[in-house]
Amino acid sequence: MQSSPPPTPLIPESAPFSDEQRAWLNGFFAGLLSLDAGATLAPAGLSLPGQAADGDDGEAPWHDPAMPLDERMTLAEGRPLARRMMAAMAQQDCGQCGSSCAEYSASIAEQAEPRLNLCVPGGKATSRMLKSLVEEMGGGVIDPEEQAAKEAARLPKSDDLRPGHCREAPVDAAFVSRLRLNGTGSEKTTNHIVIDISESGLEYDVGDSLGVFAANDPALADAIIAQLGVPPDFPVMDRSLREVLIDDTSLSPAPDSLFELISYLTGGKRRKLAHALAKGADPDGDAETLDVLAALEKFPGIHPDPEALVEVLEPLQPRLYSISSSPKADPGRVCLTVDAVRYTVGDRLREGVASTFLDDRIDYGAPLKVYVQKAHGFALPEDGATPIIMVGPGTGIAPFRAFLQERLATKARGPAWLFFGHQRRDRDFLYEDELTGFQSTNTLTRLSLAWSRDTDTKVYVQDKMREDAEELYQWLEQGAHFFVCGDAQRMAKDVDNALIDIVAEQGGKPLGDAKAYVGALRTSGRYQTDVY
Ligand SMILES: Cc1cc2nc3c(=O)[nH]c(=O)nc-3n(C[C@H](O)[C@H](O)[C@H](O)COP(=O)(O)OP(=O)(O)OC[C@H]3O[C@@H](n4cnc5c(N)ncnc54)[C@H](O)[C@@H]3O)c2cc1C
Ligand SMILES: NC(=O)c1ccc[n+]([C@@H]2O[C@H](COP(=O)([O-])OP(=O)(O)OC[C@H]3O[C@@H](n4cnc5c(N)ncnc54)[C@H](OP(=O)(O)O)[C@@H]3O)[C@@H](O)[C@H]2O)c1
């Protein structure tokens with residue numbers, strides 16, 4: 001029997017991959033190119049050479065987390081389905097779905113992934129758009145057996161399937177402590193969280209994130225149960241309704257399927273309203289504020305069957321946190337830097353599930369299900385002599401605390417510059433003592449601080465970058481790696497613009513050349529982001 005010829009390599013020899021990675025990527029793209037359902041794509045930042053079989057050029061001009069969904073979809077018009085599905089994602093490559101925007105959309109288009117709600121930052125808008133795109137291809141996963149076979153045949157979303165190293169296989173760690181990092185009078189509650197992983201078999205590197213499985217506030221579950229008018233121990237799938245609502249279901253935001261259920265239980269105008277909400281319309285202008293409790297309260301008198309209610313709710317998803325410690329400095333432990341999300345809608349306090357679970361609902365010593373989400377392209381340069389520039393306002397400081405610990409432990413000699421910013425110096429200077437300590441050992445050689453609410457005019461990290469433009473450009477010219485962590489939608493975009501302006505001004509380059517210079521930093525791995 002004649003053996004089939006080896007596939008034509010799609011990844012150029014010059015591309016910055018190891019032989020193993022190149023072989024993997026060649027196989028991966030060869031597989032994708034053979035698909036008929038428009039699943040041709042390249043991961044973010046990676047263009048397929050020439051045109052793919054379906055005419056797609058592999059570019060992803062919509063891959064910008066600051067771009068609104070409708071603009072992204074317009075840019076993707078006429079592209080194969082998998083590409084349009086990618087455009088529907090939040091473009092953060094944040095890893096919450098277990099992989100990147102390109103990988104997740106590819107698996108949906110291949111019908112290897114039935115879940116359309118894994119893009120947490122994209123929220124309901126993304127899952128709605130995915131649903132309509134999946135309908136275009138005939139309804140997504142039709143045959144569960146076929147889907148299981150495809151999922152099994154597909155390369156794993158995570159590179160590492162060991163327990164605790166992907167979201168499908170979390171392990172038990174133990175909650176050790178929390179310490180509020182803000183001073184009295186701060187508008188923020190940002191906690192330094194310590195988790196014991198010594199018994200868990202977890203391994204991590206600086207730059208990685210930790211996935212945390214939290215539980216809902218029992219008081220919120222109780223309020224929903226009261227609205228349903230059933231006892232808390234009402235049995236649902238061999239457990240009590242209360243347990244299922246606390247541990248397993250997402251209680252915010254209210255999913256479209258809940259409004260669909262409500263539309264069956266009511267009539268007339270109310271049915272129309274529920275139907276409209278299920279379709280993504282917002283007749284009363286309050287759709288963004290409707291969590292599960294608010295949705296039930298909006299339709300007083302309806303009493304969905306608890307089992308049906310649980311059925312239509314989304315599963316509770318883990319949350320990712322950038323690890324703020326180095327395993328070399330603190331073996332057996334992981335530290336996180338977590339801002340507690342709290343805001344008020346009407347007269348009810350809304351609380352982010354995981355951040356407030358870590359802030360006030362988990363007991364010291366209690367078990368906590370976690371996994372390590374490996375960073376893709378967010379790591380210290382191998383040579384400790386290479387200069388690094390870190391920009392991390394607010395909780396964006398988290399991975400940089402880890403970087404500095406690591407550089408101290410490895411006696412890295414290269415210069416390190418941190419841009420940190422927050423609201424007020426006297427109460428929001430997170431890790432002030434530690435940063436001073438890193439300065440005293442020359443682990444941190446420059447610290448630039450931006451306080452946004454200490455003066456009438458806001459001062460942000462990018463303003464401090466512009467102030468020190470000349471020196472910053474010199475660092476880049478000397479081979480510095482540039483890192484950004486924190487808010488994806490505004491801060492990271494503004495920092496990127498500031499960087500381009502600095503390169504244009506200091507390098508005497510036209511804007512196009514400055515953009516190309518910054519683009520080249522990205523593609524060569526010298527400009528890395530961990531944004532959310
Ligand atoms: C790779 C990665 C790293 C991360 N690292 C960190 C980190 O180091 N530290 C950190 O604190 N977070 C970090 N996050 C964010 C974190 O994962 C969670 O998204 C965050 O803690 C909120 O989760 P939650 O469960 O508490 O809130 P949720 O229950 O998910 O609620 C948050 C949602 O509430 C809504 N909301 C929030 N504030 C308001 C408001 N003022 N008004 C109206 N609606 C509002 C928004 O819809 C928001 O999406 C990271 C995310 C990623 C992807
Ligand atoms: N997209 C999102 O929904 C999103 C994004 C990031 C963080 N978060 C959530 O917010 C919490 C973390 O907040 P945080 O502690 O990291 O701090 P933060 O609230 O993001 O703010 C940190 C500092 O950044 C400043 N800032 C605001 N806009 C900026 C911009 N465009 N460029 C540069 N700096 C800017 C803030 O100033 P002022 O506030 O005074 O303007 C503040 O001084 C987490 O729960 C996280 O999940 C959500």
Side-chain angles (χ1 to χ4, degrees), residues 65-66 90 92-97 119-125 181-182 186-193 207-217 220 250-253 288-291 316-324 335-345 349-359 361 373-376 378 391-402 419-425 428-430 449-455 457-465 484-498 529-532:
Q92 295 183 11
D93 282 334
C94 65
Q96 299 219 23
C97 62
C119 178
V120 175
K124 275 168 75 164
L181 294 168
N182 321 84
S186 172
E187 292 174 33
K188 292 277 191 172
T189 298
T190 309
N191 287 308
H192 179 67
I193 302 286
D208 293 347
S209 300
L210 193 75
V212 173
F213 284 80
N216 285 307
D217 183 0
L220 181 59
S250 166
L251 303 182
S252 182
E288 285 295 309
T289 68
L290 297 175
D291 65 357
L316 185 55
Q317 310 262 6
R319 303 294 194 265
L320 286 182
Y321 293 97
S322 311
I323 294 176
S324 56
C335 301
L336 310 176
T337 308
V338 180
D339 184 67
V341 173
R342 290 195 177 87
Y343 56 99
T344 304
V345 178
L349 176 71
R350 304 288 178 92
E351 300 200 311
V353 181
S355 60
T356 62
F357 175 75
L358 294 169
D359 180 44
R361 293 199 300 281
Q373 175 70 44
K374 213 76 218 117
H376 289 283
F378 195 79
V391 182
T395 53
I397 195 170
F400 303 137
R401 177 182 187 263
F419 289 87
F420 173 69
H422 217 318
Q423 295 181 0
R424 297 179 181 86
R425 182 179 182 125
D428 299 308
F429 195 167
L430 311 182
L449 300 167
W451 308 109
S452 58
R453 302 194 190 181
D454 271 347
T455 48
T457 323
K458 295 237 181 210
V459 181
Y460 287 156
V461 281
Q462 60 272 24
D463 300 319
K464 303 308 281 186
M465 285 167 57
V484 184
C485 179
D487 175 28
Q489 289 196 330
R490 292 150 295 138
M491 183 276 293
K493 186 82 187 165
D494 293 348
V495 166
D496 188 68
N497 287 335
T529 55
D530 173 23
V531 294
Y532 43 91

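These numbers come from a predicted model, not from an experiment. Both ligands and their constituent atoms are indexed starting at 1 by order of listing.
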So do the side chains of [X] and [Y] get within less than 4.5 Å of each other, counting heavy atoms only?
X	Y	result
Val484	Met491	yes
Phe420	Leu449	yes
Leu358	Tyr321	yes
Lys188	Gln423	yes
His192	Cys335	yes
Val212	Leu336	yes
Ser186	His422	no

Which ligand 2 atoms, with their elements, are less than 4.0 angstrom from a heavy-atom of [X]?
X	result
Val341	45 (O)
Lys188	13 (O), 14 (P), 15 (O), 17 (O), 18 (P), 19 (O)
Gln423	43 (O)

Of all the non-hydrogen atoms in the protein, which one sits nearest to [atom], and at what distance?
atom	result
atom 20 (O) of ligand 2	Asp487 CB, 4.7 Å
atom 23 (O) of ligand 1	Arg319 NE, 3.7 Å
atom 32 (N) of ligand 2	Gln462 NE2, 3.1 Å
atom 36 (N) of ligand 1	Tyr343 CE2, 3.3 Å
atom 11 (O) of ligand 1	Asp339 N, 2.9 Å
atom 11 (C) of ligand 2	Asp339 OD2, 3.2 Å
atom 16 (C) of ligand 1	Leu320 O, 3.4 Å
atom 31 (N) of ligand 2	Asp494 OD2, 2.9 Å
atom 21 (O) of ligand 2	His422 CE1, 4.5 Å
atom 25 (C) of ligand 2	Tyr460 CE2, 3.6 Å
atom 24 (O) of ligand 2	Pro393 CB, 3.9 Å
atom 37 (O) of ligand 2	Ser452 OG, 3.0 Å
atom 53 (C) of ligand 1	Gln96 NE2, 3.0 Å
atom 26 (O) of ligand 1	Ser355 OG, 2.5 Å
atom 15 (C) of ligand 1	Tyr532 CD1, 3.8 Å
atom 9 (N) of ligand 1	Thr337 O, 2.8 Å

Measuring to protein heavy atoms, does anything land under 4.0 Å from [atom]?
atom	answer
atom 8 (N) of ligand 2	no
atom 48 (C) of ligand 2	no
atom 48 (C) of ligand 1	no
atom 19 (O) of ligand 1	no
atom 3 (C) of ligand 1	yes

Below 30° counts as parallel, above 60° as perpendicular, anything between as tilted: where do the rings of Phe400 and Phe378 land?
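Tilted: the ring planes of Phe400 and Phe378 meet at 30° to 60°.
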Nearest 0.5 angstrom please: [X] [atom1] to [Y] [atom2], how far?
X	Y	atom1	atom2	value
Asn182	Phe429	CG	CZ	13.0 Å
Cys94	His376	SG	NE2	11.5 Å
Asp463	Asp494	CG	CG	9.0 Å
Ile193	Thr337	CD1	OG1	9.0 Å
Arg350	Asp217	CZ	CG	12.5 Å
Asn191	Thr356	CG	OG1	10.5 Å

Which ligand 1 atoms are under 4.0 Å away from a heavy-atom of [X]?
X	value
Gly352	24 (P), 25 (O), 26 (O), 27 (O), 28 (P), 29 (O), 31 (O)
Val338	11 (O)
Cys94	1 (C), 53 (C)

Lys/Arg N to Asp/Glu carboxylate O, Asp428 vs Arg453, below 4.0 Å:
no
Evaluate [X] for polar contact with ligand 1, using N/O atom pairs at a separation under 3.5 Å.
X	value
Ala354	yes
Ser322	yes
Val531	no

So is Tyr532 in contact with ligand 2, going by heavy-atom distances below 4.0 Å?
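Judged by the 4.0 Å heavy-atom criterion, Tyr532 does count as contacting ligand 2.
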Is a side-chain donor-acceptor pair under 3.5 Å present for Asp530 with Ser322?
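A donor-acceptor contact under 3.5 Å links the two side chains.
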Give the intermediate values and the outcome of side-chain contact (heavy atoms from CB on, under 4.5 Å) for residues Asp359 and Arg342.
CA-CA 11 Å; Asp359 180 44; Arg342 290 195 177 87; 2.7 Å; yes
Name all residues meeting the ring-ring contact (aromatic ring centres under 6.0 Å, His included) criterion together with Tyr532; count only those two or more places apart in sequence or in a different chain, and write none if there are none.
none
May I ask you to identify, for Tyr321, whether its side chain, its backbone, both or neither come under 4.0 Å of ligand 1 on a heavy-atom basis?
both
Evaluating non-hydrogen atoms only, which member of Gly392, Gly352, Ala498, Gly394 is closest to atom 22 (C) of ligand 2?
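Among Gly392, Gly352, Ala498, Gly394, the closest heavy atom to atom 22 (C) of ligand 2 belongs to Gly394.
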For atom 32 (C) of ligand 1, tell me which residue out of Val341, Ile397, Asp530, Leu336 has the closest non-hydrogen atom.
Val341
Does Arg453 approach ligand 2 within less than 4.0 angstrom via side chain, backbone, both or neither, non-hydrogen atoms only?
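Near ligand 2, Arg453 shows its side chain, while the N, CA, C and O stay back.
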Tell me which part of Thr395 gets within contact of ligand 2: side chain, backbone, both or neither, using heavy atoms under 4.0 Å.
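The answer is both, backbone and side chain.
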Within a reach of under 6.0 Å around CD of Glu288, are more than 12 heavy atoms found that belong to other residues, nucleotides or ligands?
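For Glu288, atom CD is not crowded (no more than 12 foreign heavy atoms under 6.0 Å).
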When you measure from the side chain of Ser209 to the backbone N and O of Gln373, does any donor-acceptor pair fall under 3.5 Å?
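Not confirmed, Ser209 side chain does not pair with Gln373 backbone.
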